[in-house]
Each structure stands twice: as structure tokens, then as C-alpha cells.
S.K.: 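Got a structure here, written out as C-alpha cells. Questions coming.
All chains are named by letter (A, B, ...) in the order of the sequence lines, taking the proteins before the strands, and each is independently numbered beginning at 1.
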Amino acid sequence: MSGQPAQTPAPYVSPGPQTTAFEVLERTTSAFSFYGVLARFVQWLERSGRTLVIALPFLWLGLFFLAPFLIVLKLSFSETVLAVPPYAPLVAWLEENGLSYLTVRLNLSNYILLFEDSLYVRAFLNSLRISAVATFLTLCVALPLANAMSRAPERWRALLLMMVILPFWTSFLIRVYAWIGILKPEGILNAVLIGLGVISEPLTILNTDIAVYIGIVYSYLPFMVLPIYASFEKMDPSLIEAAVDLGSPPIKAFWTITVRIALPGIIAGCLLVFIPAAGEFVIPDLLGGSETLMIGRTLWLEFFNNRDWPLASAVAIVLLAALTVPIVLFQRHQARRGSEDGAA
Amino acid sequence: MKSGFTPATVLALTCGFAFLYLPILLLVAFSFNESRLVTVWGGFSLKWYGEMLRNRQLMDAAWVTVRIGLVSASLALVLGTLAGVTLARFTRFPGRTVFSGLVFAPLVMPEVITGLSLLLLFVSLGWARGFWTVAVAHTTFASAYVAVIVQSRLLTFDIILEEAAMDLGASPLKTFFVITLPVIAPALISGWLLAFTLSLDDLVIASFTTGPGATTLPMRIYSQVRLGVTPEINAVSTVLIGFVTLGVITATLIQKRRFAEGQKRKA
Amino acid sequence: MPAPDPPPAPASEARLPAEPWNDPKATPLIKIRNVIKRFDGFVAVDDVWLDIYKGEFFSLLGPSGCGKTTLLRLLAGFEQPTSGTIEIDGVDMAGVPPHRRPVNMMFQSYALFPHMTVEQNVGFGLKQEHVPRREISRRVGEMLELVQLADLGRRRPHQLSGGQKQRVALARALIKRPKLLLLDEPLGALDRRLREQTQFELVNIQETLGLTFIIVTHDQDEAMTVSTRIAIMDRGRTVQVGTPGEIYEYPNSLYVAGFVGDVNVFEGRVVEAGKDHVTVRSPESGCDIYTDRGIDAVPGQEAYAAIRPEKIEIGKAPPADARFNCVTGRVFDIAYLGSLSTYHVRLATGEVVKVSAANRSRLVERPITWEDQVWLWWPPSASVVLLS
């Protein structure tokens with residue numbers, strides 16, 4: 001796909017069969033026939049192919065991903081009204097003394113409310129705390145699993161990898177739902193523990209933070225395992241052998257060599273868990289209790305239950321601002337990964 | 001450290017996979033439970049599947065969901081492939097940083113934000129909410145996943161194959177269709193499947209962007225789940241899990257065959 | 001850089017009776033003029049100037065990173081020169097995309113399409129030209145016959161051995177009868193024995209079909225075996241262009257002398273230089289080195305005398321005339337290679353000289369052994385004087 005559509009190829013046109021199909025098509029059919037048009041279209045496609053390839057997804061994502069954020073930003077400065085749609089316009093023509101003015105009314109009350117009402121502040125801090133703890137717990141589960149997978153015999157690895165990915169493909173909602181049946185007071189876990197005589201009274205796990213942790217670890221485990229496994233697997237096993245040979249105990253070698261080298265993968269995994277978990281709605285809603293305030297759920301409630309669209313928008317903006325740093329970190333990692341693999 | 005099973009790795013694998021699979025297996029098992037109680041095994045029964053099939057609302061929702069999935073997965077495949085090609089091949093063009101940001105951000109963006117912002121867009125555009133708004137929303141975030149899959153496949157794709165085809169007289173466009181696409185086809189298949197399941201799966205974004213007459217299956221399941229665990233939902237879940245497992249295994253087998261070819265080629 | 005004046009042609013072993021590069025009236029098939037290729041400030045190809053004639057088997061020889069593969073890719077059209085022109089058969093190739101060039105390439109990794117059979121791979125080029133299907137299958141059959149793969153047509157690349165893949169790649173590149181075939185390290189992935197066998201097959205095919213080949217290699221033996229002419233490359237430049245014999249016998253620099261074959265170098269100063277002789281005084285050797293081939297130099301100028309190890313005689317007694325081209329030292333190492341032995345002789349000055357001698361008698365009867373005092377001498381025609 002040539003980058004310079006203006007540069008027509010030099011006059012070298014080899015005789016006979018070396019011409020392309022499109023040239024033949026064009027020559028043998030009149031410009032107005034179907035094939036003539038087709039040939040012209042294909043030629044145009046070849047010349048402007050690169051631009052098209054870039055422009056189509058660019059425009060789509062610009063319209064349906066970037067532009068909506070600007071609208072959210074705008075709406076977060078609007079006033080709530082009882083109407084359809086339930087917000088006042090930000091920019092309006094104001095008629096006064098026979099003159100009309102363009103007025104822009106920036107309404108900061110949504111943000112002020114967010115920072116003054118301890119409910120929202122707590123919800124934010126809670127979200128960050130819960131997703132940070134859950135990310136750490138996920139890492140604790142993922143590290144030994146990824147390590148064991150990368151040490152498994154080679155012909156097993158593809159199967160193990162598929163087994164990690166498979167749950168990710170099954171419905172998120174269903175997987176969270178599965179834990180309700182396990183964790184509830186009369187659920188399977190309590191039945192088993194009481195049956196074994198470990199406890200006599202059912203434990204209250206469902207509708208607590210612990211249930212939310214379990215839900216996040218369970219749902220996001222593949223996101224953590226995959227990048228870590230990828231870095232472990234790429235690593236030359238003789239590095240560990242060299243470290244052990246030089247006198248490092250295997251456990252220490254694992255931390256100083258394996259984990260150190262896999263650090264980019266570990267960071268990517270942590271970001272992949274932390275960012276969506278902080279905005280999670282389904283898990284706290286189904287597994288958490290009424291005190292488990294998380295910001296994603298707050299946004300949902302403001303939107304669906306209170307129909308306060310501007311406040312919900314303000315919540316979204318603040319959440320986005322809080323997640324900017326980890327998101328940018330993640331982008332950097334992705335971009336770097338791309339260029340590294342490209343060079344290799 | 002030879003690769004192989006040691007007691008420690010076996011333990012880690014067993015515990016890890018038990019954690020991943022036990023909840024799903026229990027859910028599947030209890031969908032065949034005669035009793036309505038989750039903890040009491042009342043004997044094998046298919047009655048909840050019958051209930052499920054008789055539930056008009058559930059079946060309608062399933063049909064809507066599948067249609068949305070088909071449309072958005074196919075659109076996402078096209079857009080995501082273009083975006084993946086751009087990321088992997090065009091290293092220099094104005095706005096590349098913005099572009100890669102736009103592609104990667106939906107992967108980690110909390111769903112509530114994506115959902116809310118798309119809804120507000122549709123409201124300001126004056127679009128009637130329903131089937132198509134959900135499909136567009138799903139296309140948008142699923143194409144990011146397709147793009148990542150296509151990009152990483154293209155990064156390992158030997159560009160020399162394309163050069164060889166052009167050297168033998170194939171034009172760049174023809175090379176893309178005759179060489180590149182067939183070789184990366186398994187990645188495209190898994191990209192499509194992933195986009196389809198993501199769409200099938202989504203509750204949050206669909207809840208925001210849907211309108212009358214376009215209630216999806218996850219929304220139905222969610223509204224029932226809030227009322228408690230029911231064997232009927234277990235049955236629906238089992239059917240969904242079955243479909244997805246079948247699809248993933250098929251896709252993996254296709255890829256594995258190609259992979260094996262690739263391995264032998266290298267050897 | 002223009003090719004240096006060719007030395008008086010020695011009795012050449014060229015297969016072609018004609019040597020078009022010595023014929024001022026011959027028109028080159030490929031004209032490379034002042035070609036420069038820069039990548040991000042790095043100069044990969046630096047002012048290359050080459051003429052290649054129809055029917056040649058031309059080698060680009062050099063270490064990795066010397067720009068030889070880039071030059072090949074410029075010819076194929078995968079890269080565009082930063083400046084300079086490339087003409088193939090009288091047509092300027094500027095802006096002509098790879099798929100419109102009368103050139104085909106055999107890739108180092110073979111680049112066989114994994115999703116196509118051997119037949120489909122070989123027929124791919126003809127299919128692009130919309131040759132009728134029967135014609136394609138006939139020519140594919142012929143081509144597979146030529147590379148001795150007639151019964152493997154339905155296999156896929158992953159079912160082939162390395163040598164078979166190499167043949168498929170060759171057949172695929174040859175089927176369009178390109179005016180020019182480019183081969184990028186075509187034998188690099190084969191083991192030694194297969195490589196030697198394939199070298200001769202390549203030459204046979206090239207002569208049978210009467211095509212022009214340009215081959216990139218870092219293996220000097222390969223280049224010497226197959227080429228009509230060789231261009232030695234270093235850091236993007238061609239340092240010498242000539243027949244294998246010229247390159248070996250009359251290298252124009254220490255770089256070339258050292259790159260092709262083994263060489264002993266004595267550093268010194270020119271004592272006397274004429275049209276048909278040069279004398280170099282080298283403190284390292286302890287004697288004057290007399291060469292019967294003149295160079296353009298002035299007395300006192302720094303110079304190097306280069307002598308191939310197999311051109312030096314070794315003996316336990318001094319030769320009759322020991323005024324010139326004769327040194328003495330002690331054997332400190334002997335490498336026994338079967339057909340010949342290499343003696344490492346340390347001179348009184350500390351310099352080590354390598355001498356190789358055919359083992360005409362059996363090892364046990366070897367007359368020269370470790371620590372022996374030996375004399376080394378060579379005729380005036382054995383050495384070359386180089387200025388750089």
C-alpha cells in the first residue's frame with residue numbers, strides 16, 4: 001500500500017502477461033461498463049488503501065469512544081431538571097431587553113456535591129482500596145499458577161493456557177452469580193464446612209467485602225495470569241540455573257531473577273485488574289453488602305434510580321480522572337510491547 | 001530447572017484450576033437438580049430446562065442477544081482488523097498516539113463509564129435507543145479486543161511472505177487478501193468469537209444503551225438474579241457455558257492445527 | 001566508487017567464454033549508479049556503482065551488516081534508494097513497485113506460503129499474470145522436475161525438509177523466467193554437505209536456463225565456487241569487484257585479502273617502485289620483499305606485503321638465493337588438516353607467519369616438527385603489495 005498516491009509508477013510496463021489483472025480489466029472494458037468501474041474502484045482502493053485502513057477505525061472510535069467523553073464532560077456541568085432528557089442545556093440563548101445573548105452556564109454544583117458529601121468521597125476511597133487489595137490478592141493467586149504453567153511440560157502448556165482463558169469467555173455475570181450459590185449463608189461452602197465440623201454456625205460471607213474480593217479475584221484472574229505467564233514463558237530457564245549455580249537458593253532466584261524480569265508483565269496484569277475493578281458494578285452489586293460502596297455502583301444508582309444524569313456524569317469524570325494515571329501507564333506498556341515485538 | 005511436573009507445580013495447578021472451575025461446575029451440576037434448593041440434591045432432572053424454554057421473556061431476550069452479537073461481532077471484526085493492521089504496520093502517521101490510545105482504552109475502561117458516555121452520545125444525536133444502539137456500543141468496545149488480537153498476530157507474521165508475493169507479481173491489495181488474510185485467519189476467527197461472546201456477555205453497557213424491545217439476556221438474568229438463585233437461571237447459564245465452551249474448543253483446535261504447522265515449519 | 005582498474009587478467013577459469021565486463025561495447029543488464037540508502041541516519045548502502053551483465057552469476061560478499069542484503073532489496077524494489085539510480089534492462093526502476101519488476105527473489109527464509117501446497121506456491125507467480133490454468137500446471141510440472149521435486153507437488157511447506165523447501169523456493173522464483181534472479185543467502189540454512197552439492201546444482205540451473213543471478217552470501221567459499229564475479233562489500237561500499245581469481249590473487253586492500261582466504265601481512269616501507277616491480281623493506285620480516293607486480297607508489301611510503309600461506313615454501317635449510325623473500329624462524333605450532341598442514345613459524349622479530357604445505361608424505365615421516373629452525377621463502381610472483 002503505497003504511501004504516495006501522487007507518484008504514479010515509472011513508465012516501466014512490462015509487455016504481455018506481466019500486467020496486472022486490473023490493467024487488463026481496464027483495457028479490455030469500456031470505462032462505463034461494470035468491470036471498468038470495478039477496476040477503477042480497485043485501483044482507487046490500492047492507491048488510497050492506507051488512508052482508508054487508518055481512517056475507518058479512527059473515525060468510528062473518535063465518534064463512539066472519544067466524542068462521548070466530551071459529552072459526559074459537558075453534561076457533568078449541567079443542572080438536573082425534571083424533563084426528558086433530564087438535564088438543562090449548558091449553552092443557551094438568553095433573551096433580555098430585546099437582545100439575545102449566548103450564555104454558557106457552568107454549573108459546578110455536581111462536583112461540589114461529590115466532594116462535600118462524605119457518601120461519595122467514601123465510595124471513591126472504598127473503590128480504590130477494594131480494587132487495590134483485590135489486585136494484590138489476584139497477584140498472589142496468579143504468580144504460583146503462572147509459574148507452574150510455564151514449568152509444565154511443553155505439550156501441556158497449550159492446554160493449560162486454554163484452561164485459563166476458557167472461564168474468561170464464559171459470561172462474567174454467570175461467573176459472579178455462581179458464587180452467590182456458594183457463599184450465601186445456606187450455600188454450598190457453609191454446608192460443606194458445617195458437614196466437616198469445621199464450623200457450627202454458618203459464616204456470613206455473602207454481602208461483605210470478602211465476597212467482593214473473591215468475586216474480583218475470580219473474575220479477573222485470567223487477566224493477571226496471561227501477561228505474567230507470557231513473560232515467564234519467554235524467559236530462558238537457564239537464567240535460573242545460572243543463578244542457582246552461582247549459589248542463590250531457588251526461592252531467592254525466583255524473586256531476584258524470574259519476578260524481576262517478568263516485572264513488565266506483572267505490572268501489566270495488575271493494571272488490567274485494577275482499572276476495571278475500580279469501576280466495577282456487577283460484583284459489588286451482587287456479592288457486596290449495602291455498606292460495600294463502590295463508585296461504579298454509585299454511578300449506576302445515580303443514573304438508573306435517581307435519574308440524576310449530570311451527577312452520574314460528574315462521577316464518571318472524577319472516576320476517569322482518578323484512573324488516568326494507571327490507564328496511561330497501561331497504554332505505554334501496550335505501545336512498548338508492540339514496538340519490542342515488532343523489532344524482534 | 002527442567003520443565004516438568006514437580007509436586008509444587010502440580011499443587012499450584014490443581015488449586016488454581018479448582019478455584020477457576022469448581023464454581024462453574026457446581027452451577028452446572030445444580031442446573032440438573034430436581035430440588036429448588038441449591039444445597040440439597042433432590043435427584044437428576046431436566047425440568048429447569050423445560051421451564052427455561054417455556055419462559056417467553058427469556059427466550060425473546062436470548063434471540064435479541066444473539067442477533068446483537070452477530071451484528072456487532074461482524075462489524076467489530078472489520079473495524080478491529082483495520083485497526084490492528086494500522087497498529088502493527090503503519091508506524092508513522094499523524095495522530096498515531098491518539099489512535100493507539102483510542103484502541104487500547106476501551107480494554108480497561110470501566111464499563112459504567114463507557115455505557116454512560118455512549119448513552120449520552122445517542123441522546124444528543126437523537127437516535128432512538130434499541131437494537132442498533134446496543135449493537136453500535138458493542139461494536140465499539142469489541143473492536144478494541146479484535147484489534148489487539150490482530151495486532152499481536154501480525155507482529156509475529158513474517159512480512160517476508162508478503163514481500164515474496166509482491167515479488168512474484170501480486171499487487172499489495174491482492175497480497176493482503178491472498179496471503180495475509182488466509183495466514184492470519186485463525187486469529188480473525190478467534191477475534192470474531194471473542195467479540196461475539198463479549199457482546200453476549202455484556203450487562204452494563206447494554207443496560208445503558210438499550211431501549212424498549214431490546215432487552216438482552218444478561219439484563220433478564222440480572223433482574224432475576226437480584227431476586228436470588230434459581231435453578232432456571234442455572235439452566236440458562238449451563239446452556240450458555242456449553243455453547244461458549246464448544247466455540248472456544250473449536251477455535252483452539254483450528255489454531256492449534258495452524259500452530260502445529262507453524263512449529264513444524266520452523267523446525 | 002568506480003571499480004578499480006582491473007589487473008591484467010590472469011588465466012581465468014571463468015565458465016563463460018566471453019567476459020562481457022572486459023568488453024567496452026557490451027551493455028550491462030543492470031546498471032547501479034551512485035546508489036545510497038539511508039535508514040534513520042544510518043547509511044546501509046553507500047555510493048554503490050555496479051554493472052552486471054546478462055548471464056552472470058554475481059556474488060555480493062561481505063560480513064553481516066555490510067549492506068549486501070539492502071542492495072538486493074533495492075533491486076527487488078522493497079526499498080527505494082535515498083539517491084542514485086537502478087536500471088534493469090535499460091529501464092529506470094525508480095518508483096516501480098516490486099510486483100511490476102522483471103525481477104524475482106529467493107528469500108533467505110524461503111518465505112513459502114504456509115497455506116498453499118508446493119504446486120500452488122510454485123505456480124503463484126504465473127497465477128498473478130493470469131496464465132491459463134493448464135499452462136500453469138504444465139510449467140509447474142516442468143519446474144518441479146527441474147528441481148527434482150516432481151512427486152511432492154501436493155505437500156504443504158511444513159511437510160518438507162530444509163533442502164526440499166529450498167528447492168521449492170528456487171522453483172517458485174524461477175518459474176517466471178525473470179530477467180534477474182536475486183538470491184539472499186540461498187544456502188545459508190542447509191548443512192555443509194547439502195550446501196556444496198546444491199551450489200553446483202544452482203550453477204547448472206543458471207547455465208541451463210541462461211538467466212542472470214545475483215547472490216548474497218557471507219560464505220567466501222560459496223562465492224568463489226559459484227560466481228563469475230564477486231563484489232566484496234564493507235560498511236555499505238563495494239571495495240573490490242572482480243572474478244574469484246582476481247579477488248584471491250590480486251586483492252586491492254588488506255580488508256579484501258583478509259576476508260577471502262588466509263594471508264600473512266608484513267608492514268613496511270617502499271624502498272623502490274617501478275612499472276614491473278616493487279621492493280618493500282619490512283622490519284617485521286627482517287628481509288626485503290620483492291614483488292614482480294608494480295604499483296603506483298613512492299619510496300618511503302608505508303606499504304603492506306601480503307602473501308598467501310600456500311605460496312610459501314618451507315624447509316630446514318636456507319634456499320640458494322636468500323637475499324630476497326626469505327625469512328627464518330622456529331616452528332611453534334603445527335595444525336594437521338589431513339590433506340595439508342599449517343605451520344606457525346615465529347620469526348626472530350616476534351612476527352608469526354603461517355605456511356601451509358601439502359602432506360605428500362605420511363604424518364609419521366614428517367620432516368619438520370616443533371621447535372625446528374626453518375627457512376621460509378617465496379617467488380616474486382607470490383606476494384602482493386598493498387597501500388591500505
S.K.: Find out whether A:Val282 and B:Tyr222 are in side-chain contact, i.e. whether some heavy atom of one side chain is under 4.5 Å from a heavy atom of the other.
M.R.: no
S.K.: With chain A, which of B:Thr139, B:Leu154, B:Thr81, B:Thr97 has the greatest number of heavy-atom pairs at distances under 4.5 Å?
M.R.: B:Thr139
S.K.: Which one wins on heavy-atom pair count under 4.5 Å against chain B: A:Glu280, A:Met149, A:Met162, A:Arg175?
M.R.: A:Met162
S.K.: Could you look at B:Val78 and say if it's the side chain, the backbone, both or neither that has a heavy atom under 4.5 Å from chain A?
M.R.: neither
S.K.: Could you have a look at A:Leu320, A:Val176, A:Leu272, A:Leu271 and say which one has the most heavy-atom pairs with chain B under 4.5 angstrom?
M.R.: A:Leu320
S.K.: What heavy-atom pair brings A:Pro167 and B:Tyr21 nearest, and what distance separates the two atoms?
M.R.: CD-OH, 3.4 Å
S.K.: Among the options A:Phe274, A:Phe223, A:Phe303, pick out the one with the most heavy-atom pairs lying under 4.5 Å from chain B.
M.R.: A:Phe303
S.K.: Check each of B:Thr197, B:Ile241, B:Leu200 against A:Trp169 using the side-chain contact (heavy atoms from CB on, under 4.5 Å) test, and report the only one that passes.
M.R.: B:Thr197
S.K.: With a 4.5 angstrom heavy-atom cut-off, is it the side chain or the backbone of A:Leu221 that approaches chain B, or both, or neither?
M.R.: side chain
S.K.: Any idea which heavy atoms bring A:Gly62 and B:Leu102 closest together, and the distance?
M.R.: N-CD1, 4.1 Å
S.K.: Between A:Val141, A:Val328, A:Leu286, which residue shows the highest count of heavy-atom pairs closer than 4.5 Å to chain B?
M.R.: A:Leu286
S.K.: Output, in order, the C-alpha distance, side-chain angles, deciding distance and verdict of side chain to side chain contact (heavy atoms under 4.5 Å, CB included) for B:Leu116 and A:Trp309.
M.R.: CA-CA 9 Å; B:Leu116 175 69; A:Trp309 292 16; 5.8 Å; no
S.K.: Can you list, pair by pair, the side-chain donor-acceptor contacts under 3.5 Å of residues 22-31 of chain B, counting residues two or more places apart and other chains?
M.R.:
unit_1: B:Ser31; atom_1: OG; unit_2: B:Val28; atom_2: O; d: 2.6
unit_1: B:Ser31; atom_1: OG; unit_2: B:Tyr49; atom_2: OH; d: 2.8
unit_1: B:Ser31; atom_1: OG; unit_2: B:Thr238; atom_2: OG1; d: 3.2

S.K.: Between B:Leu194, B:Leu11, B:Val244, B:Asp202, which has the largest tally of heavy atom pairs under 4.5 Å with chain A?
M.R.: B:Leu194
S.K.: At their closest point, which heavy atom of A:Met163 faces which heavy atom of B:Leu20, and how far apart are they?
M.R.: O-CD1, 4.5 Å
S.K.: A:Phe65 and side-chain contact (heavy atoms from CB on, under 4.5 Å): which partner among B:Pro106, B:Ser143, B:Ser117?
M.R.: B:Pro106
S.K.: Should the ring pair A:Phe58 and B:Phe99 be called parallel, tilted or perpendicular, given that the plane angle runs from 0 to 90° and is split at 30 and 60?
M.R.: perpendicular
S.K.: Looking at chain A, which one of B:Leu193, B:Val98, B:Thr114 has the largest number of heavy-atom pairs inside 4.5 Å, strictly under?
M.R.: B:Leu193
S.K.: Are A:Leu145 and B:Phe17 close enough that some pair of their side-chain heavy atoms sits under 4.5 Å apart?
M.R.: yes
S.K.: Below 4.5 Å from any heavy atom of chain A, which atoms of B:Ser100 appear? Answer side chain, backbone, both or neither.
M.R.: backbone
S.K.: Do B:Val204 and A:Trp300 pass the side chain to side chain contact (heavy atoms under 4.5 Å, CB included) test, and can you show the C-alpha distance, the side-chain angles, and the key distance before you say yes or no?
M.R.: CA-CA 9 Å; B:Val204 175; A:Trp300 179 285; 4.1 Å; yes
S.K.: Report the distance from atom OH of A:Tyr177 to atom CD1 of B:Ile221, rounding to the nearest 0.5 Å.
M.R.: 9.0 Å
S.K.: Between chain B and each of A:Leu56, A:Leu166, A:Val315, count heavy-atom pairs under 4.5 Å; write down the option with the most.
M.R.: A:Leu166
S.K.: Supply the atom-to-atom distance B:Arg226 CZ to A:Ile180 CD1, rounded to the nearest 0.5 angstrom.
M.R.: 10.0 Å
S.K.: Looking only at heavy atoms, what is the nearest atom pair of B:Ala12 and A:Ala148, with distance?
M.R.: CB-CB, 3.8 Å
S.K.: When A:Ile71 is tested against each of B:Leu125, B:Leu118, B:Leu121 for side-chain contact (heavy atoms from CB on, under 4.5 Å), which residue passes?
M.R.: B:Leu121
S.K.: With a 4.5 angstrom heavy-atom cut-off, which part of B:Phe208 approaches chain A: side chain, backbone, both or neither?
M.R.: both
S.K.: Is A:Phe281 in contact with chain B via its backbone, its side chain, both, or neither, using a 4.5 Å heavy-atom distance?
M.R.: side chain
S.K.: So, for B:Ile113 and A:Phe69, which heavy atoms are closest and what is the spacing to 0.1 Å?
M.R.: CG2-CE2, 3.3 Å
S.K.: Counting only heavy atoms not in B:Phe243, do more than 12 fall under 6.0 Å of its CZ?
M.R.: no
S.K.: Would you mind telling me which of A:Leu61, A:Asn147, A:Ile54, A:Asn190 has the largest number of heavy-atom pairs within less than 4.5 Å of chain B?
M.R.: A:Ile54
S.K.: Just verifying a value: how many Å separate B:Thr209 OG1 and A:Phe64 CZ, rounded to the nearest 0.5 Å?
M.R.: 11.5 Å
S.K.: Output the option from B:Val10, B:Leu119, B:Leu107 having the highest count of non-hydrogen pairs under 4.5 Å with chain A.
M.R.: B:Leu119
S.K.: Let's test your reading of the structure: which of B:Thr245, B:Val236, B:Val225 forms the most heavy-atom pairs below 4.5 Å with chain A?
M.R.: B:Val225
S.K.: Would you mind checking which part of A:Leu70 comes under 4.5 Å of any heavy atom in chain B, side chain (CB onward), backbone (N, CA, C, O), both or neither?
M.R.: neither
S.K.: Hey, what's the ring geometry for A:Trp179 with B:Phe19, parallel, tilted or perpendicular (30° and 60° as the breaks)?
M.R.: tilted
S.K.: Select one option (side chain, backbone, both, neither) describing which atoms of A:Phe172 are under 4.5 Å from chain B's heavy atoms.
M.R.: both
S.K.: Mind checking salt bridge (Lys or Arg N to Asp or Glu O under 4.0 Å) for A:Arg297 and listing every partner two or more places apart, or none if nothing turns up?
M.R.: A:Asp285
S.K.: Can you name the nearest heavy-atom pair linking A:Ser313 to B:Leu120, along with the distance?
M.R.: OG-CD1, 3.6 Å
S.K.: Look at B:Ala83, B:Gly16, B:Ser237 and state which one has the largest set of heavy-atom pairs under 4.5 Å with chain A.
M.R.: B:Ser237
